[in-house]
Participant: 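This is the structure, below, for whatever I ask next.
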Amino acid sequence: MNQTFVIQSPDSSSKGLAPIGSRKEIVDQLSSLNTAPERDGEDTLFGPGIRIDLTPGRDPVEQMLLSVTEEEIAYLVIMRISRICGWRIIDPETGQELDP
């Protein structure tokens, strides 16, 4: 079974979700980390061992789903994204935030 995580802004709290950024900012930032949509404007981005789904039609983006597609390499990629982008990556089953 593939693991799924939720990506949120580090500014999000129990009072609500803070925007992570605009769709363009997010796609640009992730493309520098080898994660991008297959075609411009798509809501799903693919990277080494991972898939990130943006909420369709939402701009700015408040949260994204990250799915592991290849465990052998995914966790290094996830930790790199978390560290470089500064986003919170949360395991929705446990509520635990991954620590880069």
Side-chain angles (χ1 to χ4, degrees):
M1 183 172 95
N2 289 342
Q3 178 83 33
T4 300
F5 298 96
V6 176
I7 299 175
Q8 296 179 344
S9 166
D11 300 328
S12 293
S13 68
S14 60
K15 295 179 182 175
L17 297 174
I20 298 169
S22 73
R23 293 175 84 81
K24 181 179 178 350
E25 291 169 338
I26 291 168
V27 170
D28 288 349
Q29 194 169 19
L30 288 171
S31 68
S32 70
L33 298 171
N34 197 26
T35 302
E38 288 183 348
R39 287 180 224 86
D40 286 344
E42 290 187 339
D43 296 322
T44 302
L45 291 69
F46 297 92
I50 63 166
R51 183 183 84 218
I52 295 178
D53 294 299
L54 305 175
T55 306
R58 296 293 298 246
D59 199 359
V61 175
E62 295 177 338
Q63 65 180 357
M64 302 178 282
L65 287 180
L66 184 153
S67 301
V68 172
T69 59
E70 197 174 326
E71 280 189 46
E72 294 78 24
I73 57 175
Y75 291 97
L76 290 174
V77 173
I78 293 168
M79 291 296 109
R80 186 168 185 250
I81 287 172
S82 175
R83 188 177 70 251
I84 291 172
C85 297
W87 299 330
R88 295 176 62 209
I89 300 180
I90 301 163
D91 182 337
E93 291 183 19
T94 65
Q96 295 280 320
E97 184 173 345
L98 298 182
D99 187 11

Participant: Would you check if D40 and V27 make a side-chain contact, meaning some heavy-atom pair closer than 4.5 Å?
Facilitator: no
Participant: Rounded to the nearest 0.5 Å, how far apart are CE of M64 and CD1 of I26?
Facilitator: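 Atom-to-atom, M64:CE and I26:CD1 are 4.5 Å apart.
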Participant: Would you say L98 and I90 are hydrophobically clustered, going by side-chain heavy atoms of ILVMFWY under 4.5 Å?
Facilitator: no
Participant: Drop me the distance from I52's CD1 to L30's CG, to the nearest 0.5 angstrom.
Facilitator: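 I52 atom CD1 to L30 atom CG measures 5.0 Å (nearest 0.5 Å).
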Participant: Name all residues meeting the side chain to side chain donor-acceptor pair (under 3.5 Å) criterion together with D43; count only those two or more places apart in sequence or in a different chain, and write none if there are none.
Facilitator: R23
Participant: Would you please name every residue forming a side chain to side chain donor-acceptor pair (under 3.5 Å) with R80, sequence neighbours left out?
Facilitator: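 Partners of R80 under the side chain to side chain donor-acceptor pair (under 3.5 Å) test: none.
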Participant: Which heavy-atom pair separates P10 from G86 by the least distance, and what is that distance?
Facilitator: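 Closest approach of P10 to G86: CG-O, 3.2 Å.
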Participant: Can you list the residues that meet the side chain to side chain donor-acceptor pair (under 3.5 Å) rule with D91, with sequence neighbours excluded?
Facilitator: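 For D91, the residues satisfying side chain to side chain donor-acceptor pair (under 3.5 Å) (neighbours in sequence not counted) are Q3.
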Participant: Hey, could you give me the CG/SG distance between L33 and C85, rounded to the nearest 0.5 Å?
Facilitator: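 That separation rounds to 5.0 Å.
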Participant: How far does CD1 of I50 sit from CG of L76, to the nearest 0.5 angstrom?
Facilitator: 11.5 Å
Participant: Of all the heavy-atom pairs spanning I20 and Q63, show the shortest one and how long it is.
Facilitator: CD1-CA, 3.7 Å
Participant: Between Q8 and L17, is any pair of side-chain heavy atoms under 4.5 Å apart?
Facilitator: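 With C-beta onward as the side chain, the pair touches.
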Participant: Can you list the residues that meet the side chain to side chain donor-acceptor pair (under 3.5 Å) rule with T44, with sequence neighbours excluded?
Facilitator: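 Listed in chain order: D53.
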Participant: Using a side-chain heavy atom cutoff under 4.5 Å and only I, L, V, M, F, W and Y, what cluster partners does V6 have?
Facilitator: L65
Participant: Grab the two heavy atoms, one from I73 and one from P48, that are nearest each other, plus how far apart they are.
Facilitator: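 I73 and P48 have their closest heavy atoms at CD1-C, 3.7 Å.
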Participant: Where is the tightest heavy-atom contact between S82 and I89, given as atom of each residue plus distance?
Facilitator: CB-CD1, 3.6 Å
Participant: Sorted by first residue and then second, give each side chain to side chain donor-acceptor pair (under 3.5 Å) pair with at least one member in residues 26-39; sequence neighbours left out.
Facilitator: K24-D28, R39-E42
Participant: Of all residues at least two apart in sequence or in a different chain, which pass the salt bridge (charged side-chain N to carboxylate O under 4.0 Å, His left out) check with E25?
Facilitator: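 Expected list: none.
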Participant: Verify, without hydrogens or angle tests, whether T69 (side chain) and G49 (backbone) share a donor-acceptor contact under 3.5 angstrom.
Facilitator: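 Indeed, once roles are kept as given, a pair shorter than 3.5 Å links the two residues.
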